[in-house]
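Encoded as structure tokens, the structure appears first; notes follow it.
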Number of protein chains: 2
Amino acid sequence: MSKGPTISDVATLAGLSKGAVSRYLNNKLVLPAETAARLEAAIQTLGFRRNHFAQRLSQGKSETIGLVVPEISDQFFAELAEGAELEAASANYGLILGIGRNDVSREIDFLRWLDTHMVDGLLFVSNRPDDGQLRDHLNRYRNIVILDEDIPGSHASKVFCDNVQGALYGVRHLISTGHRRIAHVSGPSALMSAGERLAGYRQALEDANLLFDPTLLLNGRYSRDYGRQAAIALSAMHPRPDAVFAGSDYIAIGLIEGFLDLGLTVPGDLSILGFDDIAPADMVTPRLTTIRQNAQTMGREGVRQLLATMSHPARPAMEIRTPIALVRRGSVRHRGRNPPI
Amino acid sequence: MSKGPTISDVATLAGLSKGAVSRYLNNKLVLPAETAARLEAAIQTLGFRRNHFAQRLSQGKSETIGLVVPEISDQFFAELAEGAELEAASANYGLILGIGRNDVSREIDFLRWLDTHMVDGLLFVSNRPDDGQLRDHLNRYRNIVILDEDIPGSHASKVFCDNVQGALYGVRHLISTGHRRIAHVSGPSALMSAGERLAGYRQALEDANLLFDPTLLLNGRYSRDYGRQAAIALSAMHPRPDAVFAGSDYIAIGLIEGFLDLGLTVPGDLSILGFDDIAPADMVTPRLTTIRQNAQTMGREGVRQLLATMSHPARPAMEIRTPIALVRRGSVRHRGRNPPI
DNA sequence: TTGAAAGCGCTAACAA
DNA sequence: TTGTTAGCGCTTTCAA
């Protein structure tokens, strides 16, 4: 360590004791103006700065929280991280980043950050169906908040978006714009998000007295690639769906590309509705009509929940739902006789 | 702090001294098989894990590096962060994230991480023209590596992409596909990247005996919005350019949108060439022909440079250039008589 | 090889 | 109010 001046050096130079300096630095002591000035001068002269580790060791807390995401180059998680950093910074917490890569052992490794006191709390995002292994590990810890996707059976506080409501709004919009044969292409059926979005989809169908057709339901990954594959399957159906509710924007983007490759246009031949409203949703052609869930808000809310949990250990686990909204752009077109709503 | 077992507890239980346990844990001591087993058992039983802060305080290093980026929801920086985390993790370093928001005072705040020993080194990305303030602060520190965009006058090691070469390849491609009136819409002229890309552009023009026309050069921000504005300006020119070399993919995407709004098609009326090859480049219509610079590689290389700097303090500052490549997609179309290359 | 003990730099309980 | 001092939990020098 390139040794810097210590608190003792400052104390000596200012003619005070370590304790006084420490207390002053922590605003636990009001010094006479003159003394304070002398102290500040000493700090300036020496270029003193407290050693983070000594401070943390002594206090027993790290003032740092961890964020574990499957990947950071995914636009959704990047936006979530942005929100988390913002909120953490405003509470004077550092944010340390872990990339889980959807690999259990890596994910579990990050839990060690809590053991070693490297972080005071952990924001955890995993979008991989869990066989219980991750859950069991998670449940050994406190000060964890789970974001975006559930890890069933874990006792932590959780922040999700309102998946059911989102799907409900979206599919209702599809129905009200005259679509009657609406497919649903979503993520892994084992994931809560996919289950809830499916529930909203079915609810909307039921509300409109439309029959649920299981052949119109496709489950895969929340990826662009899977969207392209799904387009092929969907285009081969007779009769072809007139709309697709995609479980994510990445799927929706793949769908558009896939249909285009097959000579089908969106929204000419089919309408497509996404979910998430990540930045690229507004860049593709046609622009994606989608359900916005604000990833940044989720990140911020996660940090807030975590800080609350940390400061009130007895606080019961919460399950927060962040709001969603329908964003109308160009990938849904009105069909048939009913006027648009 | 929820007190866990300490190294003393382990030592007592295993019938050894703290020192022995510590040394064993650090592989600085080979214990007889039987003793080792007893020790391991004690660690298991107690669920012992070393306190990160005690360890770091005692050793005087943090095994953590910081990454400061202007924002993380920008696809380019997200990919860079992904690479950095990957490389850091494989060297057993943690990565702590700071978002500078192109705000000098925030950026400078992050430098304190070095003072307080919170990080051993810092990866720094700022894409704001600097008036010297940031440079002066940076130059007070060691163990900093600057990425992506230069901060002129700073003595740190630097990792950039090969801007000149990239622009040269790109514009050469435009020329070889029959374009003769090539505009260049780029970022802030004060930034190194913009300067170098301009140099490559001019070089390509010169090589082809084409005259540089200053009215075809527009400088603004590396953003989609600026691309849209530039489209308006460009479309009003007589004669109109037949191609645009954009300084970034975000600009290129804005350009495509802007031209479309004005009733001009890409690549029908004009060809567009981007720079960066961020993920959305492959999602827009038409798909963007662009110069790929691999942000993830840059992140990895940055960490490598930083670790090298940290372990060899005498090592001179390096300036690394990561390779670029032309990615041909759909936004450039052949024009005129010359056959495509 | 192993143990004892002195730090690492700061905070906080206790005294004065 | 201010100073003194005992930790925080680990590493590492110095003895044994």
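None of these values were measured; they are calculated from a predicted model. Naming: A, B, ... by sequence-line order, numbering from 1 per chain.
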Please state whether the phosphate of D/dT11, meaning OP1 or OP2, lies under 4.0 angstrom from any side-chain nitrogen or oxygen of B/Asn26.
yes
Using a cut-off of strictly less than 4.0 Å, decide whether A/Thr6 has a side-chain nitrogen or oxygen near OP1 or OP2 of C/dG9.
no
Could you give the NZ-to-C1' distance, from A/Lys61 to C/dC10, as a whole number of Å?
14 Å
For A/Leu147 against A/Gly302, the heavy-atom pair lying closest together:
CD2-CA, 3.7 Å
Expressed as a whole number of angstroms, how long is the span from B/Leu57:CG to D/dG9:C1'?
9 Å
May I have the distance from A/Asp115 (atom CG) to D/dC10 (atom C1'), rounded to whole angstrom?
16 Å
Are A/Pro313 and A/Arg142 close enough that some pair of their side-chain heavy atoms sits under 4.5 Å apart?
yes
For the pair made of CD in A/Glu34 and P in D/dT2, what is the distance, rounded to whole Å?
12 Å
Rounding to an integer number of Å, can you tell me how far B/Asp9 CG sits from D/dC10 C1'?
13 Å
Are A/Tyr93 and A/Glu85 close enough that some pair of their side-chain heavy atoms sits under 4.5 Å apart?
no
Flag the pair A/Val69 / A/Phe124 as yes when at least one side-chain heavy-atom distance between them is below 4.5 Å, and no otherwise.
no
Nucleotide C/dC10, atom P - distance to CZ of B/Arg56 in whole Å
18 Å
Identify whether any heavy atom of A/Tyr24 sits under 4.0 Å from a base atom; if not, whether one sits that close to sugar-phosphate; answer base, sugar-phosphate or nothing.
nothing
Find the distance A/Phe53:CZ to C/dG7:P and express it as a whole number of Å.
22 Å
May I ask you to evaluate whether A/Ser22 reaches the phosphate of C/dT11, defined as a side-chain N or O under 4.0 Å from OP1 or OP2?
yes
Within the structure, does a side-chain N or O atom of A/Arg50 lie under 4.0 Å from either OP1 or OP2 of C/dT11?
yes
Would you mind building the protein contact string for nucleotides 1-6 of chain C? One character per nucleotide, 5' to 3', B for base within reach (heavy atoms under 4.0 Å), S for sugar-phosphate only, - for untouched.
-SB---
For a 4.5 angstrom cut-off between non-hydrogen side-chain atoms, does A/Asp115 reach A/Leu111?
no
Rounded to whole Å, the CD1-C1' distance (A/Ile7 to D/dT4) equals 14 Å
Is the shortest side-chain N/O distance from B/Gln55 to OP1 or OP2 of D/dT11 below 4.0 Å?
yes
Among residues at least two apart in sequence or on other chains, which ones pass side-chain hydrogen bond (donor to acceptor under 3.5 Å, both in side chains) with B/Glu82?
A/Ser73, A/Arg101
Just so I know, are the side chains of B/Tyr222 and B/Leu191 near enough to count as touching, which here means a heavy-atom distance under 4.5 Å?
yes
